[in-house]
Asker: 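Okay, handing you the structure first.
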Amino acid sequence: MNTDALQNLADPAVLFFFLGLFVGFVRSNLEIPAPVAKFLSLYLLLSLGFKGGQAMREAGFTADGVKVLSAAIVLALTIPVLAFVVLRRRVSPYDAAAIAATYGSVSAVTFLAASQFVTDQGTPAGGYLTVALVLMESPAIVMAVVLATWVRTSDPATAASGGVPPSPRSVIGHALTDGANLLLIGSLVVGYISGADGGTAMNPFVDGIFKGLLAFFLLEMGLLVARQLREVRDIGPFLIVFALVTPLVDAALALGIGTALGLSVGDLTLLAVLGASGSYIVVPAVVRFAIPEARPSRYLTMALAVTFPFNIVVGIPLYHAAAERLVG
Amino acid sequence: MNTDALQNLADPAVLFFFLGLFVGFVRSNLEIPAPVAKFLSLYLLLSLGFKGGQAMREAGFTADGVKVLSAAIVLALTIPVLAFVVLRRRVSPYDAAAIAATYGSVSAVTFLAASQFVTDQGTPAGGYLTVALVLMESPAIVMAVVLATWVRTSDPATAASGGVPPSPRSVIGHALTDGANLLLIGSLVVGYISGADGGTAMNPFVDGIFKGLLAFFLLEMGLLVARQLREVRDIGPFLIVFALVTPLVDAALALGIGTALGLSVGDLTLLAVLGASGSYIVVPAVVRFAIPEARPSRYLTMALAVTFPFNIVVGIPLYHAAAERLVG
Amino acid sequence: MNTDALQNLADPAVLFFFLGLFVGFVRSNLEIPAPVAKFLSLYLLLSLGFKGGQAMREAGFTADGVKVLSAAIVLALTIPVLAFVVLRRRVSPYDAAAIAATYGSVSAVTFLAASQFVTDQGTPAGGYLTVALVLMESPAIVMAVVLATWVRTSDPATAASGGVPPSPRSVIGHALTDGANLLLIGSLVVGYISGADGGTAMNPFVDGIFKGLLAFFLLEMGLLVARQLREVRDIGPFLIVFALVTPLVDAALALGIGTALGLSVGDLTLLAVLGASGSYIVVPAVVRFAIPEARPSRYLTMALAVTFPFNIVVGIPLYHAAAERLVG
Amino acid sequence: MRPVKRVELVVPAPEVTALLADLEALGIHDYTAVKGVSGRGSRGQRGDDPFGTFDNTYVLIACEPEEAERVVMLVRPLLSKRGGICLVSDAVWVRH
Amino acid sequence: MRPVKRVELVVPAPEVTALLADLEALGIHDYTAVKGVSGRGSRGQRGDDPFGTFDNTYVLIACEPEEAERVVMLVRPLLSKRGGICLVSDAVWVRH
Amino acid sequence: MRPVKRVELVVPAPEVTALLADLEALGIHDYTAVKGVSGRGSRGQRGDDPFGTFDNTYVLIACEPEEAERVVMLVRPLLSKRGGICLVSDAVWVRH
Ligand SMILES: Nc1ncnc2c1ncn2[C@@H]1O[C@H](COP(=O)(O)O)[C@@H](O)[C@H]1O
Ligand SMILES: Nc1ncnc2c1ncn2[C@@H]1O[C@H](COP(=O)(O)O)[C@@H](O)[C@H]1O
Ligand SMILES: Nc1ncnc2c1ncn2[C@@H]1O[C@H](COP(=O)(O)O)[C@@H](O)[C@H]1O
Ligand code: NA
Ligand code: NA
Ligand code: NA
């Protein structure tokens with residue numbers, strides 16, 4: 001694992017993440033304009049989806065694909081329940097539901113960094129992993145919203161306050177039409193339909209300059225994490241520990257299931273990363289609306305300022321090393 | 001035509017246009033930041049001009065080039081007159097002039113999509129088509145402004161209202177210095193002067209990532225069209241029909257002239273597309289100033305929400321199929 | 001030199017600079033959105049640093065590298081002193097200090113244009129030139145701030161006005177954490193650490209599309225210079241002449257030192273460009289804070305509206321021709 | 001020149017579409033909006049968010065006093081549930 | 001501290017350069033401008049336009065009452081021909 | 001509904017971080033900020049700067065009258081040293 005980790009740390013995209021962290025810590029005036037950062041995040045989703053769709057078309061639906069997707073669904077349903085059970089005694093039930101959604105769902109940027117890593121290690125993963133990413137995005141959110149509704153109705157204070165919670169219909173509408181979600185799914189479909197010619201034409205954009213734009217985005221992520229870390233004290237030691245231990249537990253779960261199913265090293269590593277990562281794009285966009293009682297200064301900060309850098313720096317090479325031990 | 005059309009619909013850029021339409025229809029929160037969308041439109045004009053200039057330099061001024069440019073000028077002078085005659089009894093004369101300018105001028109994005117299409121079909125067009133695009137951009141605007149001035153002076157209400165219309169000098173100044181127009185012409189000149197070395201150096205930018213950025217822009221165009229379509233009812237059935245029939249008539253005119261001149265399939269298709277497309281960048285920028293009495297909710301919505309998608313989805317493969325029948 | 005200069009003027013990036021100037025002069029409505037222009041300037045710094053770091057790693061620290069860096073330090077310490085001595089009788093001492101910092105420091109964009117030029121001429125420079133760029137960025141600023149502090153303390157008016165000048169500590173903090181500076185240094189380090197694999201992965205981004213994005217940025221620089229030139233009268237004939245003669249004097253100084261050290265044509269040309277160029281990114285960002293008494297309408301306008309276009313159009317081919325005479 | 005109310009709102013960006021639709025239903029069609037606004041309030045720091053989830057939008061509405069009252073009624077529950085502020089001040093509208 | 005007028009304008013973005021030149025000619029040099037502003041008024045929805053043709057710009061001018069009157073005189077025909085609004089309100093300017 | 005002061009600042013963009021920290025120290029935590037603002041004042045034209053050095057930021061603070069006084073005290077030296085303006089006006093805050 002040592003050399004893996006070192007190689008990961010010498011990857012330019014990861015190094016630019018560190019540069020962003022450093023620049024943020026010394027409170028430099030460096031700033032990526034917000035419209036550009038938004039564009040970069042849309043670009044990453046579009047490219048990720050498109051390339052996943054292309055890979056799906058090339059490989060077809062293999063037995064491995066079916067296994068990975070089954071494992072992904074099991075993880076997406078198990079992780080939020082586990083998280084909620086652990087959290088509900090320690091934090092408000094709304095925060096517990098939101099954090100459960102965060103870890104049950106996935107981080108596309110972490111997934112991207114991990115995909116590059118396994119490819120660089122000579123153990124690439126199948127295109128169906130992108131489908132797994134899409135599949136795991138929403139179930140945890142729906143579960144969390146159901147939990148929050150259940151908490152809300154069984155809580156006498158809510159009824160008294162007279163606040164009208166968002167209707168289940170509008171919540172599901174929000175979850176399904178969330179821009180990041182739709183762009184990822186849509187690009188997957190476009191990539192699938194486009195065929196080889198379309199793939200060749202799009203390749204310099206979605207693949208050639210991909211590493212560079214990912215590096216630029218990780219620079220911005222470093223700046224953002226440095227800013228968020230200043231508020232990390234507010235979340236308290238319990239939640240910090242939770243944000244560091246959960247990825248390990250969830251990755252172990254994924255590695256266990258995936259090994260039992262006989263996945264390859266690359267697939268297994270990415271499945272672990274999907275389990276271990278927490279969402280900071282899609283989940284906040286929906287939970288903000290669906291569970292307004294939950295505090296983004298908790299669920300968002302945990303995913304962004306603690307779990308994301310942990311996975312980038314320690315997690316990805318660790319899960320890969322474990323996968324190699326288990327099935328390599 | 002069937003397979004052509006299917007192939008066009010499987011083009012990733014066109015598919016992203018559909019994705020944008022769909023995402024807009026379900027009222028997702030997906031949004032391309034406005035500064036990025038502006039950058040993409042500048043990028044497309046710059047690349048289009050640069051590559052046109054390069055092609056001109058390589059091919060020189062051929063007999064075909066002279067034919068295409070003559071046909072382009074004839075179209076640019078004929079189409080606005082026809083449109084104005086048809087429209088003046090049905091809508092206000094100012095709206096009629098503005099719509100005449102819209103259809104007499106051209107849409108660079110439609111032209112780009114069509115260029116890709118004819119290249120993919122193995123029937124590429126000459127570099128002078130870009131010069132034709134530039135040539136067709138302004139004459140219709142000047143004619144429309146003249147028409148509007150004539151209407152204005154012969155209308156007793158105007159004199160009474162005391163409103164001072166923009167002077168012809170300032171109008172022509174606006175038309176000539178419009179940013180989109182200047183960037184396109186300037187890039188054409190730069191491409192022409194740059195020579196082969198410059199072309200090679202610029203190639204990964206203006207050509208390599210072109211398809212990807214076009215796809216991204218068409219995603220935004222889809223979102224925009226979906227937004228505009230909500231207001232399409234305001235323009236009424238007559239103008240909707242006009243916005244669907246005009247491209248067919250103008251394309252037929254272009255195909256007739258082009259066939260008589262003996263153009264190749266690629267040149268003929270693009271000439272038809274130039275005739276059939278309506279301007280939603282340069283014309284509104286000038287007409288907004290020059291004919292303030294005209295309503296953009298009419299001329300812009302027609303070009304953007306009706307004619308543009310019609311040409312992308314139906315028009316381009318249709319004109320190409322017709323061109324193949326005629327001269328293929 | 002004649003053909004050199006012509007070749008430089010036919011470079012697409014330089015041509016787009018002229019296009020921007022022209023478009024700005026005719027007061028077109030063409031505008032590059034500010035967030036995009038900021039992104040482009042960050043991109044150029046990142047690419048410049050990364051490629052410099054990669055080149056350093058490949059070549060190691062050669063004797064030539066040591067010579068270039070020594071010469072760079074000598075220039076960075078000499079130029080501001082010379083400039084201050086010449087200026088202090090003609091302008092306010094604060095303006096004199098700020099202008100001294102401007103010309104003692106360097107312009108990364110001019111350096112980029114010159115790097116492309118020497119490469120196109122078949123006389124590329126070493127990667128350590130980028131290190132020289134970094135080394136020359138700050139010393140002049142520190143010297144200018146020291147000079148300004150000395151002026152301030154020896155000026156009875158200041159004490160009377162009761163204005164508290166920025167503390168030296170905060171000034172040095174500003175200079176060291178300036179975003180442009182940190183990004184350039186950081187990217188250099190990332191490029192150095194990344195190694196060959198990282199370089200290959202980043203190449204399409206930092207190299208492939210580089211020329212195109214540089215061209216786009218120079219288009220924006222042309223627009224900016226055209227805007228600034230409208231205010232150039234305010235700086236008066238003495239400072240205009242200063243802004244045209246200083247680059248020649250500083251280039252001559254650099255050529256002299258470099259020739260004595262036996263540098264190659266490419267290295268010598270870029271050293272001259274570093275001497276001759278004035279900073280309009282890093283220096284204003286620090287001097288604005290550190291010497292608030294100085295007027296940006298002087299130091300910034302001189303560097304941006306006079307010296308920058310002079311170097312791009314006349315200076316670069318001139319210094320290269322001189323270098324060829326001297327050591328070619 | 002007519003005295004009007006200036007109603008200023010700072011609201012979470014994702015709420016703006018629904019808010020404008022609600023205003024429309026109240027007969028208040030006209031507004032001006034500035035996107036990409038950051039700030040701090042009772043819900044902590046907001047804005048400068050690369051995913052746009054926690055941006056604010058600033059909305060300015062010039063209207064008759066009685067319309068302003070309707071706007072205030074409408075936005076009050078939104079502000080308490082989803083955050084944001086509403087200020088009302090006086091101005092003179094230059095009629096043209 | 002000095003009482004001043006706050007003149008607020010929302011005008012079509014492409015008009016701003018000419019407007020500022022006209023203000024300059026009136027002796028009113030100082031202003032603040034926010035670009036990329038969207039909105040809705042008598043001319044329908046504006047803004048969020050990828051080509052920048054139908055964006056608005058917000059302009060704020062703090063000035064003496066009599067200067068405000070000159071501004072109002074100047075902008076009135078512009079507003080009726082090209083669209084936009086103008087609000088005038090009171091404020092205190094913190095002198096430094 | 002409570003009467004408050006609207007304090008509006010236009011300041012050099014690079015000063016905003018320090019300004020907000022100073023306000024924080026005064027107990028004034030809440031604000032709204034709009035970046036990328038251009039303008040002209042006694043220090044000449046500012047904004048539209050591809051390097052962000054000479055941009056302005058607009059800051060709006062709704063607060064109690066006595067807080068407004070503290071803000072004014074704080075910003076006065078900043079404005080005279082680094083530039084910018086400060087306007088204070090009256091508004092009613094819609095409590096929720
Ligand atoms: N006192 C205030 N002055 C100016 N803006 C405020 C103030 N309070 C809140 N805001 C703005 O309203 C947004 C939402 O406020 P809140 O819901 O209280 O967090 C903040 O992010 C600020 O942009
Ligand atoms: N009542 C209003 N309140 C706020 N902004 C307005 C109002 N009326 C018009 N505007 C703004 O002024 C722009 C032009 O208005 P109009 O010329 O009436 O279409 C609109 O796009 C809005 O941004
Ligand atoms: N009278 C004014 N009205 C509106 N904005 C102003 C005014 N004076 C100054 N400003 C703004 O404050 C910034 C800094 O002003 P100054 O420090 O005077 O150059 C300018 O760039 C403008 O954005
Ligand atoms: Na997860
Ligand atoms: Na046409
Ligand atoms: Na220099």
Side-chain angles (χ1 to χ4, degrees), chain A residues 33-47 49-51 53-54 57 170 172-210 212-213 281-282 284-286 288-289, chain B residues 3 6-40 43-44 47 112-113 115-117 119-122 202-220 222-223 226:
Chain A
V36 171
K38 276 173 205 168
F39 168 70
L40 292 177
S41 78
L42 298 178
Y43 164 81
L44 294 178
L45 293 170
L46 184 151
S47 298
F50 187 86
K51 289 187 284 188
Q54 289 267 310
R57 186 189 185 104
S170 68
I172 289 173
H174 258 74
L176 291 181
T177 66
D178 176 65
N181 208 1
L182 274 189
L183 181 58
L184 182 56
I185 298 176
S187 303
L188 193 77
V189 173
V190 169
Y192 189 86
I193 301 178
S194 288
D197 283 358
T200 307
M202 294 288 285
N203 191 60
F205 181 66
V206 298
D207 211 43
I209 61 173
F210 185 83
L213 287 174
I281 306 184
V282 175
V286 181
R288 175 201 76 75
F289 173 80
Chain B
T3 50
L6 281 182
Q7 240 177 294
N8 189 37
L9 297 183
D11 179 271
V14 175
L15 288 169
F16 275 109
F17 176 67
F18 284 114
L19 180 57
L21 274 180
F22 173 77
V23 168
F25 282 139
V26 302
R27 296 180 181 241
S28 163
N29 57 352
L30 186 67
E31 226 180 282
I32 317 282
V36 170
K38 276 174 205 168
F39 168 71
L40 292 177
Y43 164 82
L44 293 178
S47 299
L112 283 172
S115 302
Q116 303 257 319
F117 182 74
T119 308
D120 292 353
Q121 300 289 323
M202 293 290 283
N203 191 63
F205 181 65
V206 297
D207 210 44
I209 62 174
F210 184 84
K211 184 75 160 204
L213 287 174
L214 177 62
F216 219 106
F217 190 70
L218 285 180
L219 176 68
E220 158 71 5
L223 292 167

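Atom set for the values below is all heavy atoms of this structure, side chains included, hydrogens, waters and symmetry mates excluded. Convention: sequence-line order gives letters A, B, ...; per-chain numbering from 1.
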Asker: Would you compute the distance between atom CG of B/L15 and atom OH of A/Y192 and round it to the nearest 0.5 angstrom?
Answerer: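 So the CG of B/L15 and the OH of A/Y192 are separated by 13.5 Å.
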Asker: With A/F39 as reference, evaluate B/F39, B/F216, B/F217 under the ring pair (Phe, Tyr, Trp, His ring centres under 6.0 Å) test and give the passing residue.
Answerer: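 For A/F39, the ring pair (Phe, Tyr, Trp, His ring centres under 6.0 Å) test succeeds with only one of B/F39, B/F216, B/F217, which is B/F216.
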Asker: What closest approach, in Å, do A/K38 and B/P33 show between heavy atoms, and which atom pair accounts for it?
Answerer: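 Looking at all heavy atoms of both residues, the closest pair is CB-CG, 3.7 Å.
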Asker: Taking A/T177 for the side chain and B/S28 for the main chain, is one N or O donor matched with an acceptor at less than 3.5 Å?
Answerer: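 Pair absent, no side-chain N/O of A/T177 close to backbone of B/S28.
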Asker: So does B/F22 have more than 12 non-hydrogen atoms from other groups sitting under 6.0 Å from CZ?
Answerer: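 Check fails, neighbour count at 12 or below.
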Asker: Could you tell me which portion of B/P12 (side chain, backbone, both or neither) has an atom closer than 4.5 angstrom to a non-hydrogen atom of chain A?
Answerer: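 The answer is both parts of B/P12.
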Asker: For chain A, find which of B/D120, B/D207, B/V26, B/V14 contributes the most heavy-atom pairs closer than 4.5 angstrom.
Answerer: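 Looking at each option in turn, the highest pair count goes to B/V26.
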Asker: Which one, A/L176, A/N203, A/L46, leads in non-hydrogen pairs under 4.5 Å with chain B?
Answerer: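 Highest number of pairs under 4.5 Å: A/L46.
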Asker: As an exercise, state the distance from CG of B/L30 to CG of A/L183, rounded to the nearest 0.5 Å.
Answerer: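 Spacing of CG (B/L30) from CG (A/L183) equals 5.5 Å.
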Asker: Mind listing the closest non-hydrogen atom pair of B/G212 and A/M202 along with its distance?
Answerer: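 Taking every non-hydrogen atom into account, CA-SD, 3.8 Å.
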Asker: Rounded to the nearest 0.5 Å, what's the gap from CG on B/L19 to OG on A/S187? Could you check?
Answerer: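 If we round to the nearest 0.5 Å, B/L19:CG and A/S187:OG are 6.0 Å apart.
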Asker: Between A/V190 and B/F18, is there a side-chain heavy-atom distance shorter than 4.5 Å?
Answerer: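 Not in contact.
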Asker: Between A/G199, A/A201, A/G208, which residue shows the highest count of heavy-atom pairs closer than 4.5 Å to chain B?
Answerer: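 The residue among A/G199, A/A201, A/G208 with the greatest pair count is A/A201.
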Asker: Please look at B/Q116 and chain A and tell me whether the side chain, the backbone, both or neither of the residue comes under 4.5 angstrom of a heavy atom of that chain.
Answerer: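 Neither part.
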Asker: Show your working on side chain to side chain contact (heavy atoms under 4.5 Å, CB included) between B/V36 and A/L42 and close with a plain yes or no.
Answerer: CA-CA 11 Å; B/V36 170; A/L42 298 178; over 6 Å; no
Asker: Under 4.5 Å heavy-atom distance to chain A, tell me which part of B/L213 shows up: side chain, backbone, both or neither.
Answerer: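 When you check distances to chain A, atoms from both the backbone and side chain of B/L213 fall under 4.5 Å.
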Asker: Dump the intermediate steps for side chain to side chain contact (heavy atoms under 4.5 Å, CB included) on A/I209 and B/I209, then the final yes or no.
Answerer: CA-CA 8 Å; A/I209 61 173; B/I209 62 174; 4.1 Å; yes
